[in-house]
There are 2 protein chains.
Amino acid sequence: MLSITEENYLKSIYKIAESDGIPVSTNSVAARMQTTAASVTDMIKRLSDKELLEYEKYHGVQLTEQGSRVATQLIRKHRLWEVFLTDQLGFRWDEVHDIAEELEHIQSPQLIERLDRFLGHPRFDPHGDPIPDANGHWEHRQQVLLSELLPGQAGIVTGVNDHSPAFLQYLQQLGLTLGARISLQETVAYDQSLQVVIEYGAPQNLSDKVARNLYVHPSAE
Amino acid sequence: MLSITEENYLKSIYKIAESDGIPVSTNSVAARMQTTAASVTDMIKRLSDKELLEYEKYHGVQLTEQGSRVATQLIRKHRLWEVFLTDQLGFRWDEVHDIAEELEHIQSPQLIERLDRFLGHPRFDPHGDPIPDANGHWEHRQQVLLSELLPGQAGIVTGVNDHSPAFLQYLQQLGLTLGARISLQETVAYDQSLQVVIEYGAPQNLSDKVARNLYVHPSAE
DNA sequence: ATATTTTTTTTGACTTGCCTAAAAATTTAT
DNA sequence: ATAAATTTTTAGGCAAGTCAAAAAAAATAT
Ligand SMILES: [Mn+2]
Ligand SMILES: [Mn+2]
Ligand SMILES: [Mn+2]
Ligand SMILES: [Mn+2]
């Protein structure tokens, strides 16, 4: 059985590999885990001994099949609990991450399968992220960053790139929650900001920072 | 913030004090926690430093106000999660203890208050044990052990003294779940076993061991 | 090609939580 | 009251996980 710490390392390495590619560097893990490179080297050796990752000194790590499976199951648990927290307990989407960060470590395959059934086998979490099934597979949704839309195009909000409470709260305030419709009128050359219409409201301006952190499913316009 | 281990010690000490009285001995804690007396002495010192209990060398410990509060809130969380697992996820009463043993350590007062509301503010857990409220108070129910009933008396099952899966499964099989009616016909002097009628069925014999581990609310006959 | 900077590993040390074995204190029996 | 048994503490040590500082390797700049 793995410790909570070991599980968190595996999940971090998995996510870094997903976004930055492999191999995963010691420093990138240290940054994400808010710890030191020395601690990471230490843990990497232990996880390597347990055959959860492959480690070549000075050249980073790569999860093994087994390590990947642990990571995706953690992600499955994390996202299912997030659905529970929002849909059943009424938490807002910006409040659930930290709690799910703890709940994901509860050890009971039975619990998670029953929770999944209870929730109606949701395929996406409250932030639009896909929920892996018991075999580690998930649905890939066609989506692009808002910043990639062309003027005149519209889209349905499907997810976020930045999961910080600050960003999520701001989106909520703008009405840019999952499923909301947004259409792009024009881009402002000066600062890459966008002129958009949210749910047929009054036109307004969104920064490029917002646009680069919001996923939409392009729809007809 | 307390570690999971520290929390488990506090809960154990609280429960021992509840059943055996104070002060709580080092050995009794070691037995309940399945560890050694040396480890307990070690932890006791740490908890004493944190003012969660009062410790007099060689004379056992006693929880402080603060230590008691931590313990009752853990019990509250444990029992609320047990209700969730049985009522919402469909677990049997003999399956929930170990999972709740982990869930009780999730750190989020908001979570537990929302869970409580979601469950409809239950006052008893699936084993008939009372659930402390946010202030650490709970309802005291009038109940006696089945072994204390007199021949001719009847009662409604309200709880168990032994929480082991084996006992709970056996009770289930007998139909002796919470709310079931049981009437005592006579006691057998030879082995203290009881001749009983469960829910108006055929008379049958129950060992004194069962009788000493089942709580009933005496009712008219 | 060499020097400089950055990244990674090693070393030594600390805390938490655990253990066994030995010593000390307390309780029980005689 | 003393001896024996039991309980508790102390001592010394181990594994996990952490850190700061020093050393080594790799990457980058000149
Ligand atoms: Mn986590
Ligand atoms: Mn999420
Ligand atoms: Mn516990
Ligand atoms: Mn219970």
Side-chain angles (χ1 to χ4, degrees), chain A residues 1-14 16-17 19-63 67 70-71 74 101-102 104-105 107, chain B residues 1-14 16-17 19-63 67 70-71 74 101-102 104-105 107:
Chain A
M1 236 206 58
L2 300 174
S3 70
I4 290 176
T5 309
E6 287 171 321
E7 289 192 340
N8 282 333
Y9 270 96
L10 289 173
K11 204 175 67 151
S12 283
I13 292 166
Y14 182 92
I16 295 167
S19 76
D20 302 3
I22 51 174
V24 170
S25 76
T26 304
N27 258 3
S28 65
V29 177
R32 184 177 251 266
M33 301 278 300
Q34 310 219 73
T35 185
T36 62
S39 301
V40 174
T41 302
D42 218 61
M43 176 59 85
I44 274 174
K45 286 178 185 163
R46 275 197 291 275
L47 294 174
S48 177
D49 288 346
K50 296 191 179 182
E51 306 204 318
L52 293 162
L53 49 78
E54 271 156 44
Y55 168 47
E56 202 189 339
K57 251 188 200 176
Y58 288 104
H59 293 90
V61 298
Q62 170 169 10
L63 294 185
V70 172
L74 276 168
E101 204 56 50
E102 290 187 55
E104 71 190 4
H105 301 289
Q107 301 287 358
Chain B
M1 235 207 58
L2 301 175
S3 71
I4 290 176
T5 310
E6 288 171 320
E7 289 192 341
N8 282 334
Y9 269 96
L10 290 173
K11 203 175 67 151
S12 285
I13 292 166
Y14 182 92
I16 295 167
S19 76
D20 302 4
I22 50 173
V24 171
S25 75
T26 303
N27 257 4
S28 64
V29 177
R32 183 177 253 266
M33 301 277 300
Q34 310 219 73
T35 184
T36 62
S39 300
V40 174
T41 302
D42 218 59
M43 177 58 85
I44 274 174
K45 285 177 184 164
R46 276 197 292 275
L47 294 173
S48 176
D49 288 346
K50 296 191 179 180
E51 306 205 315
L52 292 162
L53 50 77
E54 272 158 45
Y55 169 46
E56 202 189 340
K57 250 187 199 175
Y58 288 104
H59 294 88
V61 297
Q62 170 169 11
L63 294 185
V70 172
L74 278 168
E101 204 57 49
E102 290 186 56
E104 71 189 4
H105 301 288
Q107 302 287 358

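Below, read A as the first sequence line, B as the second, and so on, with proteins coming before strands; counting in each chain starts at 1.
- Note: CD (A:Glu56) to P (D:dA26) measures 10 Å, nearest angstrom.
- Comparing D:dG17, C:dC18, D:dA21 against the side chain of A:Ala38 picks out D:dA21 as the nearest.
- One finds no side-chain N or O of A:Tyr9 lying less than 4.0 angstrom from the OP1 or OP2 phosphate oxygen of D:dA16.
- A:Ser28 places no side-chain N or O within donor-acceptor distance of the main-chain N or O of A:Val24, the cut-off being under 3.5 Å.
- Considering only side-chain N and O atoms, A:Thr36 lies under 4.0 angstrom from the phosphate OP1 or OP2 of D:dC19.
- Counting to the nearest Å, the P atom of D:dT8 and the NZ atom of B:Lys45 are 14 Å from each other.
- What separates CD1 of B:Ile4 from C1' of D:dG17 is a distance of 15 Å, to the nearest Å.
- A close approach under 4.0 Å does occur between a side-chain nitrogen or oxygen of A:Thr26 and OP1 or OP2 of C:dT9.
- The side chain of A:Arg46 places no N or O atom within less than 4.0 Å of a non-bridging phosphate oxygen (OP1 or OP2) of D:dA16.
- What separates CG of B:Asp42 from P of D:dT7 is a distance of 20 Å, to the nearest Å.
- Taking 4.0 angstrom as the limit, A:Tyr55 places a side-chain polar atom (N or O) nearer than this to OP1 or OP2 of C:dT9.
- If you take CD1 of B:Ile44 and P of C:dC18, they are 12 Å apart, rounded to a whole angstrom.
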Task: Steps toward salt bridge (Lys or Arg N to Asp or Glu O under 4.0 Å) verdict (B:Lys11, B:Glu101) - done: CA-CA 11 Å; B:Lys11 203 175 67 151; B:Glu101 204 57 49; 3.0 Å; yes
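- OP1 or OP2 of C:dG17 sits under 4.0 Å from a side-chain N or O of B:Ser3.
- Between A:Glu6 atom CD and D:dA15 atom C1' there is a gap of 12 Å when expressed in whole angstrom units.
- Contact annotation: A:Tyr58 side-chain N/O to D:dA23 OP1/OP2 distance is not under 4.0 Å.
- Checking side-chain atoms of A:Thr35 against main-chain N and O of A:Ala31 turns up no donor-acceptor pair under 3.5 Å.
- For the OP1/OP2 pair of C:dG17 and a distance below 4.0 Å, the side-chain nitrogens and oxygens of B:Ser39 include no atom meeting the criterion.
- In this structure, B:Gln62 CD and B:Ile22 CD1 are separated by 3.5 Å, a value rounded to the nearest 0.5 Å.
- Here B:Lys57 does not reach the OP1 or OP2 of C:dT26: none of its side-chain N or O atoms lies under 4.0 Å away.
- Distances shorter than 4.0 Å separate none of the side-chain N or O atoms of A:Thr41 from OP1 or OP2 on C:dT10.
- Residue A:Gln107 places its CD atom among more than 12 non-hydrogen atoms of other residues, nucleotides or ligands, all under 6.0 Å distant.
- Summarising the geometry, the separation between CG on B:Leu2 and P on C:dT16 is reported as 12 Å, rounded to the nearest angstrom.
- In this structure, A:Asn27 does not reach the C:dT6 phosphate: none of its side-chain N or O atoms is under 4.0 Å from OP1 or OP2.
- Atom pair B:Leu47:CG and C:dT16:C1' shows a separation of 12 Å (rounding to whole Å applied).
- Looking at which nucleotide of DNA chain D each of A:Lys50 and A:His59 is closest to, the 5′-most match is held by A:Lys50.
- Between A:Asp42 and A:Arg46 a salt bridge is recorded (basic side-chain N to carboxylate O distance below 4.0 Å).
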